[in-house]
Amino acid sequence: MQIKFEQVPIQRVSSFYGYVNEKNSYDFDMHFHPECELIYFARGYGKAYTLSSVVNYFGGDWFLFAGDVPHTFVSLTKDNRAVVVQFRADMLGEVFWQNRDMAEAGQMLARSSVGLHFQGADIEGGDKKLNSDILKVVKLEGAERLVVLLDILRRLAGVKCGEVMSADITVKSASKCDMLMAALNYIHRHLAGEISLDGVAESVGMSKSGLMKMFKRRTGRTVNDYVVERRIYMACEKLILTKERILDISLDCGFANFANFLRHFKRLKKVTPGELRRAFAKLRDEERNNFNGDGD
């Protein structure tokens, strides 16, 4: 099944689309659309994915993606609430963001081609009203909601943020993006099991050689490298958050050969799985001791 780019509903009475997304879970569904996307997570936590990176998000965090940037979110809790606003960068004309009053917001929109992540702590330390004002964008009607959105973007431009992606990767061809998104979604659905180039190619209706060329050109890495990176990332989480045996973790993360798991882990993380687990256990013990000390 090919996964087409997300079609943002056409707004006949507004210049942008806004809604509240409340679900038991946000599942991996890599997608893109020509509209910019502003997301505020009122509740929940999980992971934000782009083609080149994964970052954690928590309640209170914001994200801003430029148009044509593939992304998705995966929740790790059943209590989720996000406010989503999608708008065309040129909804008010190409020169609007160049005027003096909105220039800083325009620069922020340009930078969002790599995805911008605003952590809740930085929002709380700066403009605390942003979290409540974003809800007005969904509830209000007419010109008033546009004014509130523009004001939010202007104020958000003054908040510290980090880049989500390590490189600027956008997709201008919907048909090619369909195949890439389908490949990524197939890979993530099968990370814990067996993944073959033939299987991925068949899932998107491409030849194996065509898939390999397209994937490397669009993501900057081979299919195998991408699979290994994501599996090692999954293994790191299990090592830190669980007490499972390292051998069992390697199997749960799709590595049939334990020696290969150890080799890839050391290559990507520069430490062994045991060393990583011990390092994080030591940090937890230190934090616990510091907390108990503060409470005396």
Side-chain angles (χ1 to χ4, degrees), residues 3 26-32 46-57 63 65 69-76 114-115 117 162-171 176-177 179-201 203-204 206 208-209 211-242 244 246-277 279-280:
I3 300 175
Y26 301 145
D27 301 321
F28 190 97
D29 182 20
M30 190 72 77
H31 64 280
F32 86 112
K47 301 189 177 298
Y49 289 81
T50 65
L51 294 186
S52 63
S53 59
V54 185
V55 299
N56 297 317
Y57 74 82
F63 287 85
F65 292 100
V69 175
H71 61 277
T72 191
F73 296 93
V74 176
S75 60
L76 299 177
V114 294
H117 178 201
E163 295 180 353
V164 179
M165 300 168 64
S166 58
D168 186 351
I169 303 176
T170 58
V171 182
K176 291 180 180 178
C177 189
M179 291 182 284
L180 176 59
M181 299 300 101
L184 291 170
N185 289 325
Y186 177 89
I187 288 170
H188 279 264
R189 285 196 301 270
H190 295 83
L191 266 183
E194 182 178 349
I195 297 177
S196 66
L197 278 173
D198 288 331
V200 180
S203 73
V204 298
M206 297 181 68
K208 186 163 66 173
S209 61
L211 169 72
M212 293 169 63
K213 291 177 181 177
M214 180 270 293
F215 201 94
K216 181 65 179 291
R217 184 173 64 252
R218 295 290 175 179
T219 69
R221 50 179 53 78
T222 66
V223 174
N224 185 64
D225 285 345
Y226 182 86
V227 170
V228 169
E229 288 175 11
R230 292 294 176 258
R231 283 175 167 168
I232 293 298
Y233 186 93
M234 185 192 309
C236 288
E237 288 190 322
K238 289 179 176 291
L239 286 164
I240 295 168
L241 300 176
T242 76
E244 292 181 45
I246 294 176
L247 174 60
D248 293 336
I249 288 176
S250 70
L251 294 173
D252 291 342
C253 294
F255 289 95
N257 186 300
F258 188 57
N260 281 341
F261 167 70
L262 294 176
R263 176 171 57 84
H264 287 304
F265 197 100
K266 185 68 179 292
R267 175 177 61 85
L268 292 172
K269 297 301 176 182
K270 312 305 179 187
V271 294
T272 67
E275 289 171 342
L276 179 76
R277 172 172 272 175
F280 273 88

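For the numbers below, each heavy atom of this structure counts, side chains included, while hydrogens, waters and symmetry mates do not.
- A donor-acceptor pair under 3.5 Å is formed between the side chain of N185 and the backbone N or O of M30.
- Of the possible polar contacts, none joining the T72 side chain to the F28 backbone as a donor-acceptor pair under 3.5 Å is found.
- For NZ of K47, the number of neighbouring non-hydrogen atoms (other residues, nucleotides, ligands) closer than 6.0 Å is greater than 12.
- L251 is not listed as a side-chain neighbour of F255, based on a closest heavy-atom distance of 4.5 Å or more.
- Using a 4.5 Å cut-off on side-chain heavy atoms (C-beta onward), K269 and L276 make no contact.
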Inset, instruction - Walk me through it: do I249 and L239 pass the test side chain to side chain contact (heavy atoms under 4.5 Å, CB included)? - result: CA-CA 8 Å; I249 288 176; L239 286 164; 3.8 Å; yes
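- In this structure, H117 and N56 approach most closely via the heavy-atom pair CE1-O, 3.4 Å.
- Between V204 and M179, the shortest heavy-atom distance links the atoms CG1-O, 3.5 Å.
- Annotation for E229 and L268: closest pair CA-CD1, 4.2 Å, computed over non-hydrogen atoms.
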Inset, instruction - Test side chain to side chain contact (heavy atoms under 4.5 Å, CB included) on V69 and F32 and set out the steps. - result: CA-CA 6 Å; V69 175; F32 86 112; over 6 Å; no
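- When all heavy atoms of D198 and K208 are compared, the pair lying nearest together is OD1-CD, 3.3 Å.
- Taking the six-membered ring where tryptophan is involved, the planes of H71 and F73 are perpendicular, since the angle between them exceeds 60° and thus also 30°.
- At a threshold of 4.5 Å between non-hydrogen side-chain atoms, the residues Y57 and S75 count as touching.
- Contact of the V164 side chain with the F63 side chain is registered, since non-hydrogen atoms from C-beta on lie closer than 4.5 Å.
- Interatomic distance, L197 CG to L211 CG, rounded to the nearest 0.5 Å: 6.5 Å.
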Legend entry - Residue pair V74, Y26: steps toward the side chain to side chain contact (heavy atoms under 4.5 Å, CB included) verdict: CA-CA 5 Å; V74 176; Y26 301 145; 5.9 Å; no
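- Annotation: side chain of F65 is not in contact with side chain of P70 (no heavy-atom distance under 4.5 Å).
- In this structure, Y226 has its ring center closer than 6.0 angstrom to the ring center of F215.
- Taking the side-chain contact (heavy atoms from CB on, under 4.5 Å) definition, one finds that L191 meets it with I187, H188, I195, V227, R230, R231, M234, sequence neighbours left out.
- Taking CG of D29 as the reference point, atom CZ of R189 lies at 9.0 Å (rounded to 0.5 Å).
- One distance of note links CG of N260 with CZ of R267; it measures 10.5 Å at 0.5 Å rounding.
- A donor-acceptor pair is defined here as one N or O able to donate and one able to accept, closer than 3.5 Å; no such pair exists between the side chain of R263 and the backbone of F261.
- Residue S250 comes nearest to L247 through the heavy atom pair OG-O, 2.6 Å, listed as atom of the first residue, atom of the second, then distance.
- Of the residues listed (D252, I246, D248), the one engaging K238 in a side-chain contact (heavy atoms from CB on, under 4.5 Å) is D252, and it is the only one.
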Inset, instruction - Evaluate side chain to side chain contact (heavy atoms under 4.5 Å, CB included) for C253 paired with Y233, printing each intermediate quantity in order. - result: CA-CA 9 Å; C253 294; Y233 186 93; over 6 Å; no
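- With T219 contributing its side chain and K216 its backbone, the two residues share no donor-acceptor pair below 3.5 Å.
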